[in-house]
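All chains are named by letter (A, B, ...) in the order of the sequence lines, taking the proteins before the strands, and each is independently numbered beginning at 1.
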Amino acid sequence: MKIATWNINGVRARIGNLIAWLKESDPDIVCLQEIKSANEQFPRLEIEALGYHVETNGQKGFNGVAILSKLKFDEVHRGLPGDDADEHARFIEGVFSTPRGALRVVSLYLPNGNPIGTEKFSYKLGWMARLERWATERLALEEPLVMGGDYNVIPENGDARNPEVWVNDALFQPESRQALRRLVNLGFTDATRASTDAKDVFTFWDYQAGAWQKNNGIRIDFQMLSPEAANLLTSASVEKHVRAWEKPSDHVPVAIELAA
DNA sequence: ATGGTGGTGGCACCA
């Protein structure tokens, strides 16, 4: 079973790329972030025509996440619990039935948090604390759980081509990295990190200043696997070539293969 | 420096 995550930076602007990529990559389940679309505006018909079920947690203009799946959804849950005042659409969970039993998949879009020293950064850290609480509860189920998403955190210096330029960025702050480490230390496996020792494995290249041409990237999109999911992991890949397509997203898909 | 989106008369916000 192939599960991919991709921050698509506007699903309506990117529908051509998305359809081409779905045909080429043929994932079973896709976690999308930054759809920048209300649920009613999501281009579901073209995706459903390829055999996917579509569930969205969208909002007008910004943010928004979705899960596409060839398996039908047994359950869908929208929103990260823990703050009733949080209106950002950044989290959706789907539950599926497989021959091995239940499979849970989350698509999450963690807050960027810039600039540091503002309420945006405290919102990011608060969101990460809520995610840790949620994940702790889900781990108790002892089920395969895959949390794909744009985590907006650079875990280690080696996850940036030029770490020194990120030192004042929310993605690189010690508090952000510590909160991500807390998640890993609960028992989650960063599938890409577990599958390669390669340097310069990036998932995001800024549109500006020729970042892609210079390979000035960062690795901020992850698939975090519960122990039960990690035990099924057979491979992980970053579909970097998609960044060279016409009108690309600034992020590329990150995929895993789980034993059926 | 680049790009998507939304609500406009040109521009603001988000990344």
Side-chain angles (χ1 to χ4, degrees), chain A residues 5-21 30-44 46-47 56-66 80 85-92 107-128 131 148-155 159-173 175-177 179-180 202-222 240 242-254:
Chain A
T5 182
W6 190 13
N7 178 323
I8 196 166
N9 190 20
V11 68
R12 286 168 291 158
R14 220 72 65 200
I15 185 62
N17 279 12
L18 176 58
I19 295 297
W21 172 75
V30 182
C31 305
L32 296 178
Q33 300 86 39
E34 273 205 279
I35 63 174
K36 295 186 176 180
S37 171
N39 293 331
E40 316 81 69
Q41 291 182 295
F42 191 92
R44 63 166 52 239
E46 291 163 270
I47 296 167
T56 63
N57 181 17
Q59 72 180 86
K60 193 164 73 173
F62 307 111
N63 307 320
V65 290
L80 178 64
D86 183 3
E87 294 182 345
H88 291 199
R90 297 180 174 276
F91 190 93
I92 186 170
S107 177
L108 69 87
Y109 177 45
L110 213 144
N112 174 292
N114 279 305
I116 58 174
T118 68
E119 70 289 342
K120 292 188 176 179
F121 189 61
S122 51
Y123 173 66
K124 178 192 189 102
L125 296 181
W127 205 95
M128 294 186 84
L131 179 61
D150 175 357
Y151 283 71
N152 265 320
V153 177
I154 301 167
D159 293 308
R161 177 65 178 271
N162 297 121
E164 65 279 3
V165 306
W166 295 94
V167 292
N168 292 316
D169 195 286
L171 280 59
F172 203 66
Q173 292 311 294
E175 297 95 325
S176 308
R177 301 166 84 181
L180 187 70
F202 304 132
T203 65
F204 168 92
W205 296 261
D206 201 283
Y207 290 119
Q208 302 183 56
W212 165 247
Q213 289 75 10
K214 292 186 248 181
N215 197 27
N216 179 16
I218 53 177
R219 193 177 71 91
I220 57 174
D221 299 271
F222 315 126
K240 181 178 179 178
V242 173
R243 185 64 176 77
W245 289 2
E246 288 293 311
K247 279 196 67 171
S249 169
D250 40 8
H251 298 249
V252 296
V254 175

(message) Walk me through whether A/W127 and A/H88 qualify under side chain to side chain contact (heavy atoms under 4.5 Å, CB included).
(response) CA-CA 11 Å; A/W127 205 95; A/H88 291 199; 5.9 Å; no

(message) Strictly distance-based, threshold 3.5 Å: is any side-chain N or O of A/R177 a donor or acceptor partner for the main-chain N or O of A/I154?
(response)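 Side chain of A/R177 to backbone of A/I154, a donor-acceptor pair under 3.5 Å: yes, one is there.
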
(message) Between A/K247 and A/N17 (side chain of the first, backbone of the second, donor and acceptor by atom type, cut-off under 3.5 Å), is there such a pair?
(response)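 Not confirmed, A/K247 side chain does not pair with A/N17 backbone.
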
(message) Closest approach to the side chain of A/Q208, judged atom by atom: which nucleotide of B/dA15, B/dG4, B/dG6 is it?
(response)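 The answer is B/dA15.
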
(request) Runs of at least three consecutive Watson-Crick or G-U pairs, both distances under 3.5 Å, are what I'm after; which ones involve DNA chain B? (result)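 Runs of three or more consecutive pairs: B:2-6 with B:11-15.
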
(message) Expressed as a whole number of angstroms, how long is the span from A/K36:NZ to B/dG7:P?
(response)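 So the two atoms are 15 Å apart, to the nearest Å.
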
(request) Say whether A/N114 and A/K120, considering side chains only, have a donor N or O and an acceptor N or O under 3.5 Å apart. (result)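 Their side chains do not contain a donor-acceptor pair, so the 3.5 Å distance test is not met.
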
(message) Quick one about A/N216 and A/D206 (side-chain donor to acceptor, distance below 3.5 Å, no hydrogens or angles considered), yes or no?
(response)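 Distance-only check fails for A/D206 and A/N216.
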
(request) Check the angle between the aromatic planes of A/Y151 and A/F222 and answer parallel, tilted or perpendicular using the 30° and 60° thresholds. (result)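 If you compare the ring of A/Y151 with that of A/F222, the planes turn out tilted.
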
(request) Please confirm whether A/W21 and A/W6 have ring centers closer than 6.0 angstrom. (result)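 Distance test on ring centres: under 6.0 Å, yes.
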
(request) Start with the C-alpha distance between A/L110 and A/K124, add both sets of side-chain angles, then the distance that settles side chain to side chain contact (heavy atoms under 4.5 Å, CB included), and finish with yes or no. (result) CA-CA 7 Å; A/L110 213 144; A/K124 178 192 189 102; 4.0 Å; yes

(request) Using a cut-off of strictly less than 4.0 Å between a heavy atom of the residue and any atom of DNA chain B, enumerate the qualifying residues of residues 111-121 of chain A by number. (result)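 Residues of residues 111-121 of chain A that come under 4.0 Å of DNA chain B are, in numerical order, A/N112, A/K120.
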
